[in-house]
Amino acid sequence: MKDDKQFEKDSSAADSIADSVDEYLQTLGNEDARKQRYYSQEQPFSSDEMTRLVNEERLNKLLAQSNAFLSSLNGEIKDFDDEY
């Protein structure tokens, strides 16, 4: 019995993947359908959800690192321009 249930589960998963691939291939030639499919996958988040999902401390650290990197890069570019 377990094998039958596993087969049904695997079969239904394969069917859903095949359906998704087929649907995607059909939209390749149709720009409007492709845009609709792309935008339908977006999920809007409320501000409460974003607050819950985003680690503000980690985000601030990443922003500081990126600012430091960009400042360093900007300095290197200026030095390069001065040398050549």
Side-chain angles (χ1 to χ4, degrees):
M1 277 292 178
K2 268 189 172 179
D3 291 338
D4 290 341
K5 287 182 181 180
Q6 184 64 36
F7 176 75
E8 288 175 16
K9 182 180 175 183
D10 291 346
S11 178
S12 66
D15 288 345
S16 64
I17 292 170
D19 291 343
S20 297
V21 170
D22 186 50
E23 182 181 336
Y24 174 75
L25 290 174
Q26 289 178 13
T27 62
L28 282 178
N30 185 337
E31 186 66 26
D32 291 334
R34 190 175 343 155
K35 285 180 183 178
Q36 182 179 2
R37 181 171 175 79
Y38 175 78
Y39 290 116
S40 69
Q41 294 174 1
E42 290 184 358
Q43 297 178 0
F45 292 99
S46 70
S47 59
D48 290 338
E49 288 173 311
M50 288 301 291
T51 302
R52 184 176 55 82
L53 294 173
V54 173
N55 180 335
E56 190 173 349
E57 183 180 340
R58 178 71 178 134
L59 179 61
N60 287 332
K61 286 180 184 177
L62 289 171
L63 289 172
Q65 288 175 352
S66 66
N67 286 340
F69 172 75
L70 292 174
S71 294
S72 172
L73 185 61
N74 192 33
E76 293 294 325
I77 290 172
K78 285 181 181 177
D79 289 345
F80 181 79
D81 286 342
D82 292 342
E83 290 178 17
Y84 300 97

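The figures that follow rest on heavy atoms only: side chains count, while hydrogens, waters and symmetry mates do not. Keep in mind that what you see is a predicted model, and the values were worked out from it rather than measured.
- The shortest side-chain heavy-atom distance between Asn55 and Leu59 does not fall under the 4.5 Å cut-off.
- With values rounded to the nearest 0.5 angstrom, Asn60 atom CG is found 10.5 Å from Asn67 atom CG.
- There is no path of hydrophobic side-chain contacts, each under 4.5 Å, that joins Leu63 to Leu70.
- Annotation: salt bridge (charged side-chain N to carboxylate O under 4.0 Å, His left out) contacts involving residues 43-59, sequence neighbours excluded, comprise Glu57-Lys61.
- Between atom CG of residue Leu53 and atom OG of residue Ser46 there is a gap of 8.5 Å, rounded to the nearest 0.5 Å.
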